[in-house]
Amino acid sequence: MERTLTLTRILDAPRELVFEAWTDPTQLDWFYSGNGEVTQPIQLDLHVGGEWRQQMIIDEDTEYITGGVYLEIVPPERIVYRFGAVGGWPDLAVESDGPIITVQLNELVGSTEMLVTVSFPDGVSDARVQQWFDTGIRDGLGQTIDRLVEKFRG
């Protein structure tokens, strides 16, 4: 069974700027869906064990808190976090088996190769992994990442 997925994109920016787009709360508006309007401050505590929390607004009827807990930070090369937020979606208080997201930034000449990998710890059952894929995590993450690519497009 597939337990990981990786999305690769080339961004028209140096990797230091791409890293900042992932780690500076004043730049994380691209992570929103819906109309992209930031209605609540984005909370971000950039250290291992720190949290990032953000209000997601899908439409006028659907909004929720999401984010992650940082597991590894290597500026400007890599960020690893457990996806979710306590009291949000996915709820880390319940979803301790939630996906691990790895953002790898590789420097190219005048641009950055970004690999975003979603993986599930060995202790997560195949049925639970399948539920994650059934929620549309591949398409949703792809749309989110595409907004970041667009942010850097000239």
Side-chain angles (χ1 to χ4, degrees), residues 2-58 62-92 95-122 124 129 132-133 135-154:
E2 179 183 34
R3 297 184 65 86
T4 64
L5 72 96
T6 299
L7 302 175
T8 303
R9 301 287 192 275
I10 304 297
L11 293 94
D12 296 331
R15 73 178 177 169
E16 289 80 5
L17 293 182
V18 178
F19 185 85
E20 286 178 14
W22 279 94
T23 59
D24 179 350
T26 65
Q27 297 186 43
L28 264 169
D29 58 338
W30 62 268
F31 200 85
Y32 276 81
S33 54
N35 65 8
E37 180 183 357
V38 177
T39 59
Q40 295 185 20
I42 297 169
Q43 302 169 13
L44 193 146
D45 184 12
L46 189 63
H47 72 273
V48 173
E51 292 183 356
W52 148 55
R53 293 175 62 88
Q54 180 170 359
Q55 184 78 16
M56 290 287 291
I57 302 171
I58 304 301
T62 310
E63 60 182 86
Y64 52 87
I65 297 290
T66 193
V69 175
Y70 295 107
L71 304 175
E72 182 180 357
I73 303 163
V74 182
E77 180 181 332
R78 185 174 44 259
I79 305 163
V80 181
Y81 63 92
R82 182 176 298 278
F83 179 52
V86 173
W89 185 88
D91 188 350
L92 289 181
E95 302 278 353
S96 61
D97 61 352
I100 305 296
I101 311 294
T102 300
V103 179
Q104 177 68 42
L105 303 174
N106 299 318
E107 190 169 14
L108 304 175
V109 177
S111 61
T112 301
E113 177 189 53
M114 181 175 67
L115 294 87
V116 179
T117 300
V118 178
S119 61
F120 293 89
D122 291 341
V124 178
V129 172
W132 274 101
F133 280 101
T135 65
I137 193 170
R138 180 185 308 272
D139 291 341
L141 181 61
Q143 292 167 3
T144 299
I145 299 304
D146 287 345
R147 286 194 295 273
L148 180 58
V149 172
E150 190 60 36
K151 175 182 176 86
F152 288 110
R153 191 162 282 149

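What's counted below: heavy atoms across the whole structure, side chains too, no hydrogens, waters or symmetry copies. We number each residue from 1, following the sequence as shown.
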From [atom1] ([X]) to [atom2] ([Y]), nearest 0.5 Å:
X: Ile42; Y: Thr26; atom1: CD1; atom2: OG1; answer: 8.5 Å
X: Thr112; Y: Leu17; atom1: OG1; atom2: CG; answer: 8.0 Å
X: Tyr64; Y: Gln54; atom1: OH; atom2: CD; answer: 10.0 Å
X: Leu7; Y: Asp146; atom1: CG; atom2: CG; answer: 8.5 Å
X: Arg53; Y: Asp45; atom1: CZ; atom2: CG; answer: 12.5 Å

(message) Among Ile145, Val116, Leu115, which residue satisfies the side chain to side chain contact (heavy atoms under 4.5 Å, CB included) criterion with Arg9?
(response) Ile145
(request) Could you check Phe31 against Thr66 for side chain to side chain contact (heavy atoms under 4.5 Å, CB included), going step by step and ending with a plain yes or no? (result) CA-CA 10 Å; Phe31 200 85; Thr66 193; 4.1 Å; yes
(message) Between the side chains of Arg153 and Glu150, is the shortest nitrogen-to-carboxylate-oxygen separation below 4.0 Å, so that they form an ion pair?
(response) yes
(message) Holding to side chain to side chain contact (heavy atoms under 4.5 Å, CB included), I want the full list of residues that pass it with Ile10, two or more places apart in sequence or in another chain.
(response)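 Once residues adjacent in sequence are excluded, the partners of Ile10 under the side chain to side chain contact (heavy atoms under 4.5 Å, CB included) criterion are Leu108, Ser111, Glu113.
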(message) Between Glu51 and Gln43, is there a side-chain donor-acceptor contact under 3.5 Å, judged purely by atom types and distance?
(response)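 Result is no, nothing qualifies.
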(message) Could you go through Tyr70 and Leu44, starting from their C-alpha distance and side-chain angles, then the distance that decides it, and tell me whether this counts as side chain to side chain contact (heavy atoms under 4.5 Å, CB included)?
(response) CA-CA 10 Å; Tyr70 295 107; Leu44 193 146; 3.5 Å; yes
Looking only at non-hydrogen atoms, find the nearest pair between [X] and [Y] and report the distance.
X: Val129; Y: Glu2; answer: CG1-O, 3.6 Å
X: Val124; Y: Arg3; answer: O-NH2, 2.7 Å
X: Phe83; Y: Gly67; answer: CD1-O, 3.4 Å
X: Leu28; Y: Ala21; answer: CD2-O, 3.5 Å

(message) For a 4.5 angstrom cut-off between non-hydrogen side-chain atoms, does Phe19 reach Asp24?
(response)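 Heavy-atom side-chain distance check fails, nothing below 4.5 Å.
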(request) Could you walk me through whether Met114 and Trp22 pass the side chain to side chain contact (heavy atoms under 4.5 Å, CB included) test, one step at a time? (result) CA-CA 11 Å; Met114 181 175 67; Trp22 279 94; 3.5 Å; yes
Contacts table for residues 71-81: side-chain donor-acceptor under 3.5 angstrom, sequence neighbours left out:
residue: Glu72; atom: OE2; partner: Arg78; partner atom: NE; Å: 3.0
residue: Glu72; atom: OE2; partner: Arg78; partner atom: NH2; Å: 2.9
residue: Arg78; atom: NH1; partner: Gln104; partner atom: OE1; Å: 3.2

(message) side chain to side chain contact (heavy atoms under 4.5 Å, CB included) for Phe133 and Leu5? Distances and angles first, verdict last.
(response) CA-CA 10 Å; Phe133 280 101; Leu5 72 96; 3.2 Å; yes
